Amino acid sequence: MAVAVVKDVLSGKFSVGDTVVVRGWVRTRRDSKAGISFINIHDGSCFDAVQVIAPNDLPNYANEIQKLTTGCSVAITGTVAESAGQGQDFELQGTHIEVLGWVEDPDTYPMSPKRHSMEYLREYAHLRPRTNITGAVTRVRHCLAQAVHRFFHERGFYWISTPIITTSDAEGAGELFRVSTLDLMNLPKKENGEVDFKEDFFGKEAFLTVSGQLNVETYACALSNVYTFGPTFRAENSNTSRHLAEFWMIEPEVAFANLDDVAGLAEDMLKFVFKAVLEERADDMAFFAQRIDKEAVSRLQNVIDNDFVHMDYTDAVEILQNCGEKFEYPVSWGTDLQSEHERYLAEKHVGAPIILKNYPRDIKAFYMRQNDDGKTVAAMDVLAPGIGEIIGGSAREERLDVLDDRIDALNLPKEEYSWYRDLRKYGTVPHAGFGLGFERLVAYVTGVQNIRDVIPFPRSPKSAEF
RNA sequence: UCCCCAGUAGCUCAGUUGGUUAGAGCGGUGGACUGUUAAUCCAUGUGUCGUUGGUUCGAAUCCAACCUGGGGAGCCA
């Protein structure tokens, strides 16, 4: 007798008449006076639940089956049958139904088979995986992660596990979480009263990484095509629907590449993973299109079918100044674009993802490659309608003298960058890369509005439950 | 961190010119009916009205502070 997952039963992998065992959780139970009960069982293998027919001649029909409620766990032995009802091709004729776990006091089970708000579900992060929406998000998230790895693997990229603990406070990408084993109530002090980090675990100050980029550049300058895919931590006090304190980031880094090369890579990658989701998770995407966001499927198809619009920052400023739209903040060359400006460009001006390139030097990071005009750097942002910045990238400054000029101009501690500068001293090559916020990608694909609902256990300011 | 909004039954929400016993739908439970499928129909229970303090004869309702959540902004991915 075969153990089966719901997906295989529903997709016709088994023949009518086959006896299988399905294990899962009860979504709903309906009793019919025709002498049967209908029990919908989900096990996470696909969006749909399988309908189990439980006849009233089962020995535990009255004392157990009719008492099943949402959330009970069961093991069902049954024969695969063509469904006599509408809504599914196959169902299971139950021959033996074992209750593995009851729901104590169904009145208090938080996941009723009813619409819940996302905020409510978030309070039950340990039970929300059992809901349609969190199940669908989870499968799509997995599909995207696999597709990202597959995309890079097929292109000859190596996955580099950059460190999660870092001792350089010099990346400038945001506030850092401290990693320490020192006793906070009894800190070792130096003679001048400062904390003596020589006594700490690593013998110096340590933090959680805000980006693997600087580290992964070292591997790009040896293995040519590499990427990171791992957790990233920002201690920013950001309270928005698109920020997390702990999130996952994908950072490809390409040797011998310029900005346009990685802009093309970003476009190819997004199209590749969108295609994978539409093909592999059609069931979940249909649910998102039906319940969460009507455009969920058409938006992805639209991105796949069209070339990304590329635009220079300078041209974008001109468009924004002349578009006749009233903005709360004025647009002027040399300042960073506001959310409203980015939204206008992505949502109204092109209605699709847009790649903005060549930003003013002074609003971007020290490592970005100086353009010949002396005032811009080879940086790009990919802006997605509804989400905003989904990718940020740049060509990296490979000329040591130019890099040093920036480090000096910004008063950065040059000694901290000795290994980074070594890459420019010894066989330097042009190279470029970008960072993709994985949760922002999942939010964009599913249409789920809040980033806290596309990661299993969200961490944000004042919130790290579970 | 700043601006705005919200917090009432297990869930979603209605209810406030301050006034007796605070309501509906869904879920749960009991029953009816039915190859049903977020089934339907009938019956039924449920509340520190976010917390603390204040104003008042009287506060879910007005005021203050705080807590939590949401939307927007900044920071960014």
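This is a predicted model, so every value here is computed, not measured. Each chain gets a letter, A, B and so on, in the order its sequence line appears, and its residues count up from 1.
Side-chain nitrogen and oxygen atoms of A/N450 include at least one within less than 4.0 Å of the OP1 or OP2 phosphate oxygen of B/G71. Side-chain N/O atoms of A/R30 include one lying less than 4.0 angstrom from OP1 or OP2 on B/A39. Here A/S238 does not reach the OP1 or OP2 of B/C76: none of its side-chain N or O atoms lies under 4.0 Å away. OP1 or OP2 of B/G35 has not a single side-chain nitrogen or oxygen of A/S83 nearer than 4.0 Å. For B/G74, the OP1/OP2 oxygens have a side-chain nitrogen or oxygen of A/Q338 closer than 4.0 Å. Note on A/R29: every side-chain N or O is 4.0 Å or more away from OP1 and OP2 of B/G28.
Rounded to whole Å, the C1' atom of B/G35 lies 11 Å from the corresponding atom of B/A39. Only the C1' atoms considered, B/U44 is 40 Å distant from B/G53, to the nearest whole Å. Taking the P atoms as reference points, B/A59 lies 12 Å from B/C49, given to the whole Å. Here the separation of B/G7 from B/G15, taken at their P atoms, is 10 Å to the nearest Å. For the P atoms, the distance linking B/U1 with B/A65 amounts to 16 Å, nearest Å. Rounded to whole Å, the separation between the P atoms of B/G25 and B/A14 comes to 16 Å. Using P as the reference atom, B/U51 and B/G72 are 28 Å apart when rounded to the nearest Å. Between B/G30 and B/G45, the two P atoms lie 15 Å apart (nearest whole Å).
Each of A/A84 and A/Y124 has a nearest nucleotide on RNA chain B; the 5'-most of these lies closest to A/Y124.
Surrounding NZ of A/K271 are more than 12 heavy atoms belonging to other residues, nucleotides or ligands, all under 6.0 Å away. When the shell of 6.0 Å around CZ of A/R23 is examined, it contains 12 or fewer heavy atoms from other residues, nucleotides or ligands.
Without hydrogens or angle criteria, A/E397 side chain to A/F366 main chain gives no donor-acceptor distance under 3.5 Å. With A/N56 contributing its side chain and A/I36 its backbone, the two residues share no donor-acceptor pair below 3.5 Å.
Residue contacts shown for A/L244 include a base, since a base heavy atom lies under 4.0 Å away. Using a 4.0 Å heavy-atom cutoff across all strands shown, A/S37 reaches no nucleic acid atom at all. A/F38 comes within 4.0 angstrom of a nucleotide base, judged by non-hydrogen atoms across all strands. Residue-level contact check: A/E119 touches the backbone only, with heavy atoms under 4.0 Å from sugar-phosphate atoms and none from bases. Among the atoms of the strands shown, none is found under 4.0 Å from any heavy atom of A/E342. Here A/R452 lies in heavy-atom contact (under 4.0 Å) with sugar-phosphate atoms only. At a threshold of 4.0 angstrom between heavy atoms, the contacts of A/E340 with the nucleic acid are absent. As judged by a 4.0 angstrom heavy-atom cut-off over every strand, A/F233 is placed among residues making no nucleic acid contact. Base contact: A/D31 has a heavy atom under 4.0 Å from a base atom. As judged by a 4.0 angstrom heavy-atom cut-off over every strand, A/T240 is placed among the base-contacting residues. Counting any heavy atom pair closer than 4.0 Å across all strands shown, A/Q93 reaches a base atom. Residue A/S32 is classed as a base contact, given a heavy-atom separation below 4.0 Å to a base. Using a 4.0 Å heavy-atom cutoff across all strands shown, A/S241 reaches sugar-phosphate atoms only and no base atom.
Spacing between atom CD1 of A/I53 and atom C1' of B/U36 amounts to 8 Å, rounded to whole angstrom units. Between the CZ atom of A/R130 and the P atom of B/A38 there is a distance of 21 Å, rounded to whole Å. Regarding A/N239, its CG atom lies at a distance of 11 Å from the C1' atom of B/G70, rounded to whole Å. One interatomic measurement links the two molecules: CD1 of A/I39 to C1' of B/A38, which rounds to 17 Å at whole-angstrom precision. As rounded to whole Å, 16 Å separates atom P of B/G70 from atom OH of A/Y120.
Using a 4.5 Å heavy-atom threshold, the side chains of A/W248 and A/F229 count as touching.
Under the 30°/60° scheme for interplanar angles, the aromatic rings of A/F457 and A/F466 are found to be tilted.
By the 5.5 Å and 30° criteria, A/F247 is stacked with the base of B/A77.
Between A/R30 and A/S32, the side chains place no donor N or O within less than 3.5 Å of an acceptor N or O (distance only, hydrogens not considered).
With salt bridges taken as basic N to acidic carboxylate O contacts below 4.0 Å, one links A/R122 and A/D453.
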